[in-house]
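Contents: one structure, followed by commentary.
Residue numbers count from 1 along this sequence.
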Amino acid sequence: SAKESSRLMTEKSKYQLKTNGLGVKNFKWKSSRKNVVSVSKTGLIKAKKPGCALITGTYKKMKVGMVISVTTAARINAITLGRQIAQGTYSQSKRMQAGYYDCSSLVYRAYRDNGCNFGSASNAPTAAAEAKYLSDRGKIYGNYTSDNIKKLKFIPGDLLFKVGANNGRYMGIYHVEMFTGFEFYGWNDKTPSYACQWASRATGYGGSSSDIMGRP
């Protein structure tokens, strides 16, 4: 089997695939999106542009897979910072203090020094205000649907906004999570199976098809 089932990479970086037991050169490697990620006969991966691709290796009746999620260096920095912030204590009253966070302050603080402050210089907007900021700039691009997951449409650093609360805010948005990549779970009747990874939630957390995705 492959040693990993997912990997996060920056644009134009390289990675050598490894396998347990059989040599990597025995496998026939293929990328589901060659314009995003290429893979050589020797299992050398080259990340080309932001996006996600499934790398498949076959040898006789054996088949292994790995999702490569490619994003920018700034987004990798935001993801890393978001994961660090999520190690703190959840508190809405202390959300901007070191060691504390809530969902929208985590996203704001992670992105503030990495390309997006959601229109505020010093204080985190609500999740709904963050979504409105992205929407006004044409950066809400789709919904959290199983079809979009199946097609690996999300890019690490994207944001999931949960909608539908009766709170008087934009689209009734009440929660935001930072997407950090896809986990490959194997094949189900030849169809690849994936789960989503998050900065502050366990793998497999998700939303409904009415929830929206944004890209800072």
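- At a threshold of 4.5 Å between non-hydrogen side-chain atoms, the residues Met9 and Ile45 count as touching.
- Of the possible donor and acceptor atoms, none in the side chain of Lys34 sits under 3.5 Å from a partner among the backbone N and O of Val39.
- Proximity of Tyr144 to Ile149: side-chain heavy atoms (C-beta onward) are separated by under 4.5 Å at one or more points.
- Taken from CG in Asn26 to OG1 in Thr58, the straight-line distance is 11.0 Å, to the nearest 0.5 Å.
- Looking only at side-chain heavy atoms (C-beta outward), Met66 and Tyr15 come within less than 4.5 Å of each other.
- Taking CG of Leu160 as the start and CZ of Phe179 as the end, the distance is 10.0 Å to the nearest 0.5 Å.
- A donor-acceptor pair under 3.5 Å is formed between the side chain of Trp198 and the backbone N or O of Tyr205.
- Connection of Val67 to Val70 is not established within any shared hydrophobic cluster, with ILVMFWY side chains joined at heavy-atom distances below 4.5 Å, either directly or through further cluster members.
- The main-chain N or O of Ala124 is never found under 3.5 Å from a side-chain atom of Arg109 such that the two would form a donor-acceptor pair.
- No side-chain heavy atom of Pro216 sits less than 4.5 Å from a side-chain heavy atom of Glu130.
- Residue pairs that meet the side-chain hydrogen bond (donor to acceptor under 3.5 Å, both in side chains) test with at least one member in residues 43-55, sequence neighbours left out, do not exist here.
- Judged purely by atom type and a 3.5 angstrom limit, Tyr111 uses its side chain to pair as donor or acceptor with the backbone of Gly157.
- Each of Met213 and Val176 belongs to its own hydrophobic cluster when Ile, Leu, Val, Met, Phe, Trp and Tyr are linked at side-chain heavy-atom distances under 4.5 angstrom.
- The CD atom of Gln87 sits 8.5 Å away from the OH atom of Tyr101 when rounded to the nearest 0.5 Å.
- Checked against the 6.0 Å centroid criterion, the rings of Tyr100 and Tyr90 do not qualify as a close aromatic pair.
- In terms of modelled atom types and a separation under 3.5 Å, the side chain of Ser69 and the main chain of Pro156 share no donor-acceptor contact.
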Mind listing the side-chain donor-acceptor pairs of residues 181-189 below 3.5 Å, one per line with the distance, residues two or more places apart or on another chain?
{"residue": "Glu183", "atom": "OE1", "partner": "Ser6", "partner atom": "OG", "Å": "3.4"}
{"residue": "Glu183", "atom": "OE1", "partner": "Gln197", "partner atom": "NE2", "Å": "2.6"}
{"residue": "Glu183", "atom": "OE2", "partner": "Ser5", "partner atom": "OG", "Å": "2.4"}

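- In this structure the side chain of Arg33 reaches within 4.5 angstrom of the side chain of Leu152, judged on heavy atoms.
- Distance alone, capped at 3.5 Å, places no donor-acceptor pair between the Ser200 side chain and the Ala86 backbone.
- Between Glu177 atom CD and Leu106 atom CG the span is 7.5 Å, to the nearest 0.5 Å.
- To the nearest 0.5 angstrom, Ile76 atom CD1 is 6.0 Å from Thr10 atom OG1.
- Note on Phe154 and Leu159: separate hydrophobic clusters, where clusters join Ile, Leu, Val, Met, Phe, Trp and Tyr whose side-chain heavy atoms are under 4.5 Å apart, directly or indirectly.
- The neighbour count for Asn166 CG, taken as heavy atoms of other residues, nucleotides or ligands under 6.0 Å away, does not exceed 12.
- Not counting sequence neighbours, Tyr174 has no partner by the ring pair (Phe, Tyr, Trp, His ring centres under 6.0 Å) test.
- In this structure, Met178 and Ala110 approach most closely via the heavy-atom pair CE-CB, 3.7 Å.
- Ser91 and Thr89 form no side-chain donor-acceptor contact under 3.5 Å, judged by distance and modelled atom types alone.
- A donor-acceptor pair is defined here as one N or O able to donate and one able to accept, closer than 3.5 Å; such a pair exists between the side chain of Asn143 and the backbone of Asp211.
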TODO: Please assess Leu17 against Phe27 for the test side chain to side chain contact (heavy atoms under 4.5 Å, CB included), listing each intermediate value before the final yes or no.
DONE: CA-CA 11 Å; Leu17 284 167; Phe27 285 81; over 6 Å; no
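- Shown here are the side chain to side chain contact (heavy atoms under 4.5 Å, CB included) partners of Tyr170, two or more places apart in sequence or in another chain: Ala128, Ala131, Lys132, Ser135, Ile173.
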Open item on the list: Run the side chain to side chain contact (heavy atoms under 4.5 Å, CB included) test on Gln16 and Val24 for me, step by step, so that the C-alpha distance in whole Å, both residues' side-chain angles and the decisive distance to 0.1 Å come before the verdict.
Closed with: CA-CA 9 Å; Gln16 178 61 53; Val24 70; 4.0 Å; yes
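- Contact of the Cys52 side chain with the Val36 side chain is not registered, since no non-hydrogen atoms from C-beta on lie closer than 4.5 Å.
- Shortest non-hydrogen contact noted between Lys41 and Trp29 is O-CD1, 3.6 Å.
- Looking at residues two or more places apart in sequence or on another chain, you find a side chain to side chain contact (heavy atoms under 4.5 Å, CB included) between Ser32 and Ala53, Leu54.
- With sequence neighbours left out, Arg112 forms a salt bridge (charged side-chain N to carboxylate O under 4.0 Å, His left out) with no residue at all.
- A heavy-atom distance below 4.5 Å is found between the side chains of Ile155 and Arg75.
- Remark: the backbone N or O of Ser38 is not paired with any side-chain donor or acceptor of Ser31 at under 3.5 angstrom.
- Using cut-offs of 30° and 60° on the angle between ring planes, the pair Tyr108 and Phe118 is tilted.
- When all heavy atoms are compared, the tightest approach of Gly206 to Lys162 is O-NZ, 2.9 Å.
- In the model, Asn123 has no side-chain atom that pairs as donor or acceptor with a side-chain atom of Ser120 under 3.5 Å.
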Open item on the list: Using the rule given for side chain to side chain contact (heavy atoms under 4.5 Å, CB included), can you reason through Leu8 versus Thr180, listing the C-alpha separation, both sets of side-chain angles and the distance that settles it, and then say yes or no?
Closed with: CA-CA 8 Å; Leu8 192 58; Thr180 61; 5.6 Å; no
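- Not one N or O on the side chain of Arg169 forms a donor-acceptor pair closer than 3.5 Å with the backbone of Ala129.
- Closest heavy-atom contact between Met171 and Val163: O-CB, 3.5 Å.
- Interatomic distance, CG of Asp147 versus OG of Ser209, reported as 11.0 Å (0.5 Å rounding).
- The two residues Arg95 and Gln92 have their closest heavy-atom pair at CD-O, 3.1 Å.
- Minimum interatomic distance between Tyr194 and Lys150 (heavy atoms only, all atoms of both residues): CE1-O, 3.7 Å.
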TODO: Kindly indicate, with the supporting measurements, whether the criterion side chain to side chain contact (heavy atoms under 4.5 Å, CB included) is fulfilled by Arg201 and Cys196.
DONE: CA-CA 10 Å; Arg201 297 276 183 161; Cys196 293; over 6 Å; no
